[in-house]
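Computed from a predicted model, the values in this text were never measured in an experiment. Nothing fancy with the numbering, it's 1 onward along the sequence.
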Amino acid sequence: MLMHGILSTEKGQRALLSFDSLERSLIEVHSKGVNMELVENLLLDQERKFSAEAISLEKSTLWKTHEKNFETWICPLVYALIGYSDDIILRLCQDIVMLKAEVAELLLPNVVVNLAGRKNLDIDLCRIIPLQLEENIFAESNALIKSIQVILDTLNELRLCYVMERTSSSFGKDNLMYTKPSSCGPKSRCTSVKTKDFTSTSTAFVISTSSWDKVYWVSVDYLLVAKSAISCGAYFTAVLYVEHWCEEHFNRLTLGSPDFSHADVLPHHIAILVSAVTQINEQDSLYGIIQSHKLASQIVTFEHEGNWSKALEYYDLQVRSEAEIQLEGSSRQKFHERCHPTMSLSFSNTEDEMRQRKPYKGLIRSLQQMGCTHMLDLYCQGLTSRKGQFEQDLEFSELQYEAAWRAGNWDFSLLSMGDSSSHLSQDPIRGHFHEHLYSCLRALQEGDFREFHSTLRDSKQELVLSINHASKENTEYIYSTIIKLQVLISCIFYHLDMSWNLPWATSFGESMKSSTEMRKLLSEPDVPTLDQLSWLNTDWSCILKRAQLHMNLLEPFIAFRRVLQILKCTDCTVQHLLDSASTLRKGSRFSQAAAALHEFKFLCAGAGEQNSALYWLGRLEEAKLLRAQGQHEMAINLAKHISQNHQSSEVISDVYRLVGKWLAESRSSNSRTILEKYLKRAVMFAEDRNHTDKKSITRQSQTHFHLAHYADALYRSYEERLNSNEWQAAMRLRKHKTKELEALIKRLKSSSKASLGEKTDYSVKIQELHKQLAMDKEEDERFQGDRDNFLSVALEGYKRCLVIGDKYDVRVVFRIVSLWFSLSSRQIVVNGMLNTIEEDKQRSRNSFVVDMDKKLAAENLLQELSSYHGAIIRQMKQMVEIYIKLAELETKREDTNRKVNLPREIRSVRKLELVPVVTSSFPVDRSCQYPEGSFAHFKGLAESVTVMNGINAPKVVECLGSDGNRYRQLAKSGNDDLRQDAV
């Protein structure tokens, strides 16, 4: 009847004609053409039915979500709201929304938009709806997360109407389409259907929003809505509502004045923004939002930067502060309980109580991130013993279960939580993943087949449900849940179940063995071998590649692989610990990497493998970790110890390469020692292996690149010295000495009448000058020879790097072409280029293609402009070269978010009076007349730069302007687009 009624309207017929032939053939069987009499009868029947039910929107029972699921909440609500609508299609759908929650959810935004356009109602919906929303939907007691999501979608539809109308108004009012005034009376429903069908309210051109007081029609507390948006993972929506609140509260888009009050609580709008930006991967926004040095703000900053030791320190301070406050307020709480005994049960559920628990949970997370498993276990036990404080906290329970399975504590038992999480059962986002994972692993350890599969099934269902209900804005949660679902459960447990051929690989219903036999067999599970774990290692490699060192996703999986030690597979555990230490180091999780290496060495020592290649690879990883932690001298000494005590070709090449690289970076040895004793020997050891596997090829390419890169750096330093003012002064002095020597010799020959003493003086001076010039010439020849030798080594290394592998293709090709352009007159460079092209013909066709016509045209244009604006172009070239050097400045991963001193050649740039600061702003003169002093000119760069996160390690530098200001700028190399960045 619903389909028949809708197709009996003109709008229904237009919709039917818009379908393709197949869809139309399926639907038109319900259509008999436009029949307004039928529609009118249907609406009259529904009107009488709705009036008899006398449903009031002012009753909170209709809006409350307590003890309701989503279906029992949304169906009656939408049914009641449609009762006040004047849209024919919506009114025809009134009965179906009571039966189908999906239809009710789909129509709710359209219903509210239609109600927003209604006038002359005998009920003030603009007052009732926001009041009910604030009391029931946006209240902290609302655990039905999907109800918040649906209301947010509805408010967004209202906002779309508001924004689209104002956008369209710029094109003229004639283009706007508003609904015709309704002929309905002041009652809630219009019984006449003689008016034409109303346009669907799903677009923003349906109703007039000019009379709205607010963007969202209803007058709601934007900050309350933003807080609710945070609770359901709609972080971008939360930021939008905070912006609306700030504009309303401060009369402009600003965060207000910094809060330096004594209370250690962030202002509500700041706290909500912090909660949002920490979840949407906004690296820099946090520093602009936090405007004070309160404990809470400092903790957020430390967690954002991964400084968990400082976060632990501040959480401890926060816990102590909370303890003092609780002690002072204990008497007030007892008085409150005596006066209000019925409210004592709900006292622990208040926002203040949740705030008091937060530092304890922060301590647990900090200890976990630092890898302090023993301290974490003792701390959790101490908190668990506090009966009544954490028993009804699901988050605390999950933290404990996570700590238990990470530590392999299979005797862990949590105090009974009773019905603690009953109020959270409606929230699919807050799950019991760690509890289920702990149960699965314990069942795997004990061989409990039934428990393993039943818990695994429940965990899968819960994760799928949580993804289904998660907000699309909460991408980090979705990604982490997919990791949990696909990797930890589907993939890992599938391989545990099938690949290892364990006794419990038979189906649950198999009856080939009695329960007694099955239990006996399952009590002694097989131990998997490394070959049987190949599937798991393949999965690990794929995940590692896709995650791209996103440690929030990778670290839980690393911990799970570690727990495989419960299967007593020692070989697998040792290899995993080494892989984990490397990954954790690259992800800047240094404390966890150190813990993995400590356990690695302990297991190797227990198995008597101190001389194996795997053990020395672990020691080399330890040296890398020391280097990443800033202990440069210790790292070099350990690497030298490895080179002296282990000569395996698998390890020794990397050892010599790293020692040479680290000595070069720290400048703690002379260049010849680094080049001859370490980098060249690293190349020799790498070439001797003659392996063709991908790892060996990568190692060979890496050693050749580091040798070439260091030799190239030496060549550039020699070139800079040859072009330096000091060298030019030495050349002038040498020239002066040569002239002086020639003059003395000429004078000696022509002084036949001179006394013997004078001739002796001339001879002594001539000998001294001749000796000095001979030494200068020898030094010059040696210097020139060293420079040419370094250039030759660099060209040969770059060539071998290109021929062997493709890891450094871009960097090497650009450097070779740069050398070719700048040294095209030197035969050694030309020969090096030709040899490289000859040995690497295929890639050379694409790599060394240069449009010489464009190059010559650009040079001619610059030459012509130089005749008019030579000084400006020369200074501009200087500035461009400085920025290029700055962008290509070599940095290390551990330099991220740290200040790095600039090389002297960049710092010593002179002020350029004719070049403006490129990032400064100044008013535009229509006459294009800019007298001297109109803009700040380039005066130099600060002493250091800050290395930011990014593939090409962008650097933030401060440019010094002639106006005394410092201008922050971003220097990037590679293919990154600067327009995507904001500093």
Suppose the criterion is ring-ring contact (aromatic ring centres under 6.0 Å, His included): which pairs have a residue in residues 597-618, not counting sequence neighbours? Trp616-His646
Suppose the criterion is ring-ring contact (aromatic ring centres under 6.0 Å, His included): which pairs have a residue in residues 773-812, not counting sequence neighbours? Phe705-Tyr808, Tyr718-Phe783, Tyr718-Phe790, Trp727-Phe783
Determine, stepwise, if the pair Lys624 / Trp662 fulfils side chain to side chain contact (heavy atoms under 4.5 Å, CB included). CA-CA 10 Å; Lys624 294 179 182 179; Trp662 294 343; 4.2 Å; yes
At what distance, to the nearest 0.5 angstrom, does [atom1] of [X] lie from [atom2] of [Y]?
X      : Y      : atom1 : atom2 : result
His709 : Cys801 : NE2   : SG    : 11.5 Å
Lys939 : Leu912 : NZ    : CG    : 12.5 Å
Asn637 : His632 : CG    : NE2   : 13.0 Å
Leu626 : Phe590 : CG    : CZ    : 11.0 Å
Glu881 : Leu886 : CD    : CG    : 13.5 Å
Ile828 : Leu791 : CD1   : CG    : 4.5 Å

Flag the pair [X] / [Y] as yes when at least one side-chain heavy-atom distance between them is below 4.5 Å, and no otherwise.
X      : Y      : answer
Ile816 : Leu802 : yes
Lys955 : Leu970 : no
Phe302 : Ser309 : no
Trp308 : Cys372 : no
Ile558 : His576 : yes
Leu584 : Met551 : yes
Ser944 : Val900 : no
Leu675 : Leu707 : yes

Let me see the working for Ile636 and Ser666 under side chain to side chain contact (heavy atoms under 4.5 Å, CB included), right down to the final yes or no. CA-CA 10 Å; Ile636 293 173; Ser666 61; 3.9 Å; yes
Tell me if a side-chain donor or acceptor on [X] pairs with a main-chain N or O of [Y] at a distance below 3.5 Å.
X      : Y      : value
Thr946 : Lys899 : no
Ser792 : Asn789 : no
Gln728 : Asn723 : no
His704 : Glu796 : no
Thr703 : Gln700 : yes

Stepwise, does the salt bridge (Lys or Arg N to Asp or Glu O under 4.0 Å) test hold for Arg716 with Glu719? CA-CA 5 Å; Arg716 281 183 287 187; Glu719 279 288 299; over 6 Å; no
With sequence neighbours excluded, tell me which residues meet salt bridge (charged side-chain N to carboxylate O under 4.0 Å, His left out) with Arg800. Glu687
Under the salt bridge (charged side-chain N to carboxylate O under 4.0 Å, His left out) test, residues paired with Arg811 that sit two or more places apart: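 Partners of Arg811 by the salt bridge (charged side-chain N to carboxylate O under 4.0 Å, His left out) criterion, ordered by chain and then number, come out as Glu890.
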For the [atom1] atom on [X], are there more than 12 heavy atoms of other groups (residues, nucleotides or ligands in this structure) within a distance under 6.0 Å?
X      : atom1 : value
His770 : NE2   : no
Met634 : CE    : no
Met731 : CE    : yes
Lys677 : NZ    : no

Please determine whether a side-chain nitrogen of the Lys or Arg among Lys601 and Glu622 lies less than 4.0 Å from a carboxylate oxygen of the Asp or Glu. yes
Tyr314: partners by side chain to side chain donor-acceptor pair (under 3.5 Å), with sequence neighbours left out: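 Tyr314: no side chain to side chain donor-acceptor pair (under 3.5 Å) contacts found.
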Listed once per pair and sorted, the salt bridge (Lys or Arg N to Asp or Glu O under 4.0 Å) pairs that draw on residues 722-740, sequence neighbours left out: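 Listed by first then second residue: Arg734-Asp780.
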Flag for Gln784-Arg787: side-chain donor and acceptor within less than 3.5 Å: yes
Before you tell me yes or no, could you show the steps for Leu733 and Asp776 under side chain to side chain contact (heavy atoms under 4.5 Å, CB included), namely the whole-Å CA-CA distance, both residues' side-chain angles and the distance that decides it to 0.1 Å? CA-CA 11 Å; Leu733 179 60; Asp776 290 342; over 6 Å; no
Given Arg627, which of Glu633, Glu665, Glu621 fulfils the salt bridge (Lys or Arg N to Asp or Glu O under 4.0 Å) condition? Glu665
Side chain to side chain contact (heavy atoms under 4.5 Å, CB included) between Phe557 and Thr583: does it pass, once the steps are laid out? CA-CA 12 Å; Phe557 185 60; Thr583 304; over 6 Å; no
